[in-house]
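Basis for what follows: all heavy atoms, side chains included, without hydrogens, waters or symmetry-related copies. Along the sequence shown, residues are numbered consecutively beginning with 1.
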Amino acid sequence: IREGEYFNRDQVENDIKNINRLGLFSQVRYAQVTENGKEGVVITAEEKKWFANYVRFGGSLEDDFQGNSSYTFGASYRLNGINSYGAWNQLEMEIGQSPRLHDEFRQPLSSVSPYFIAPEFEIGRKSIYLRDSSDEIIAEYQRSRMFGSLKVGREIGWSERDKCGLQARRRQHRQVC
């Protein structure tokens, strides 16, 4: 609302929804106020303290009790609110059976737009096992994967994304045993 404009409850509530869609605030509210004979609207947004930047760790261990085991340990770091439009960057790393490095940067097209662009890059390797009819491993292949993409999308809800874009991939397979 700009000075001199009439209060439009539907427009203000729509603006509040757009602010909430950013996912950066724990609470957004508004109040109609009167000061010095003038009426106005005050919008209050409380930033999520826990959401600014965070690190996550995880891992998995697998064992078939026949001498075949694998592990994966990973970490990710997310940096939120990089600029006034609410951009974020997430870096993920995994070591172990399937090492991987993935980075995605998401840039909204404006501070209230549900549309975004998101370049991303990933490089990794995965083991693929060929087994015979008795479930014995007879060969192991390493699949290397590297790709980069530029996605264009629209936020639909809290965690859903609908996106389309260009992606370049390179895969390489090699037998290791």
Side-chain angles (χ1 to χ4, degrees), residues 1-60 72-96 98-124 126 145-171:
I1 297 176
R2 289 180 175 64
E3 189 173 339
E5 290 182 351
Y6 288 103
F7 176 75
N8 179 331
R9 182 178 308 275
D10 292 336
Q11 181 62 46
V12 170
E13 289 181 2
N14 188 51
D15 291 344
I16 296 292
K17 284 181 188 174
N18 285 333
I19 292 169
N20 273 319
R21 187 179 299 145
L22 295 172
L24 300 173
F25 303 99
S26 61
Q27 187 177 64
V28 181
R29 60 185 181 277
Y30 73 94
Q32 291 179 264
V33 296
T34 303
E35 288 183 11
N36 301 327
K38 293 186 176 184
E39 293 184 8
V41 175
V42 173
I43 297 175
T44 306
E46 294 178 23
E47 187 176 14
K48 289 181 181 176
K49 302 287 186 227
W50 58 269
F51 194 64
N53 304 312
Y54 59 89
V55 177
R56 292 190 309 183
F57 296 97
S60 69
T72 301
F73 295 105
S76 69
Y77 176 69
R78 180 158 169 163
L79 179 62
N80 290 301
I82 293 174
N83 58 33
S84 62
Y85 286 0
W88 56 257
N89 190 78
Q90 183 159 325
L91 177 65
E92 301 171 355
M93 298 180 304
E94 293 179 12
I95 60 171
S98 301
R100 177 177 86 95
L101 177 66
H102 179 266
D103 189 41
E104 180 177 359
F105 176 76
R106 194 200 66 160
Q107 174 65 57
L109 297 183
S110 79
S111 59
V112 295
S113 174
Y115 296 96
F116 64 87
I117 59 171
E120 91 180 296
F121 172 79
E122 180 170 315
I123 186 168
K126 183 174 183 164
R145 170 178 146 148
M146 181 172 54
F147 77 87
S149 68
L150 178 62
K151 299 178 282 193
V152 177
R154 182 183 198 286
E155 294 290 339
I156 296 174
W158 171 250
S159 63
E160 301 171 82
R161 280 191 248 158
D162 189 18
K163 56 191 176 243
C164 63
L166 302 172
Q167 191 172 78
R169 291 181 179 259
R170 182 178 156 259
R171 288 190 178 167

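- Considering CD1 of I95 and CZ of F73, their distance stands at 7.5 Å, rounded to 0.5 Å.
- Counting only heavy atoms from C-beta outward, the side chains of I123 and F121 approach each other to under 4.5 Å.
- The two residues D103 and Q90 make their nearest non-hydrogen contact at OD1-O, 3.1 Å.
- Closest of all the heavy-atom pairs between S84 and S111 is O-CB, 3.8 Å.
- The heavy-atom pair separating T72 from S98 by the smallest distance is OG1-N, 4.4 Å.
- When side chains are defined from C-beta on, Q32 counts as touching F7, because their heavy atoms get closer than 4.5 Å.
- With rounding to the nearest 0.5 angstrom, the CZ atom of R154 is 10.5 Å from the CZ atom of F116.
- Here the side chains of Y30 and D15 are not in contact, with every heavy-atom distance at 4.5 Å or above.
- The line from CD of E13 to CD1 of I16 is 8.5 Å long, rounded to the nearest 0.5 Å.
- Residues Q107 and N83 come closest through the heavy atom pair OE1-ND2, 2.7 Å.
- When side chains are defined from C-beta on, Y85 does not count as touching R106, because their heavy atoms never get closer than 4.5 Å.
- In this structure, CG in N89 is found 6.5 Å from CZ in F105, a value given to the nearest 0.5 Å.
- The shortest side-chain heavy-atom distance between E46 and F25 does not fall under the 4.5 Å cut-off.
- Side chains of E120 and F147 form a contact here, defined as non-hydrogen atoms less than 4.5 Å apart.
- Other residues, nucleotides and ligands contribute at most 12 non-hydrogen atoms within 6.0 Å of the OH atom of Y115.
- Among all heavy-atom pairs drawn from I43 and V28, the shortest one is CG2-CG1, 4.2 Å.
- Here the closest heavy-atom approach between residue L101 and residue M93 is recorded as CD1-CG, 3.3 Å.
- Q27 CD: more than 12 foreign heavy atoms inside a 6.0 Å radius.
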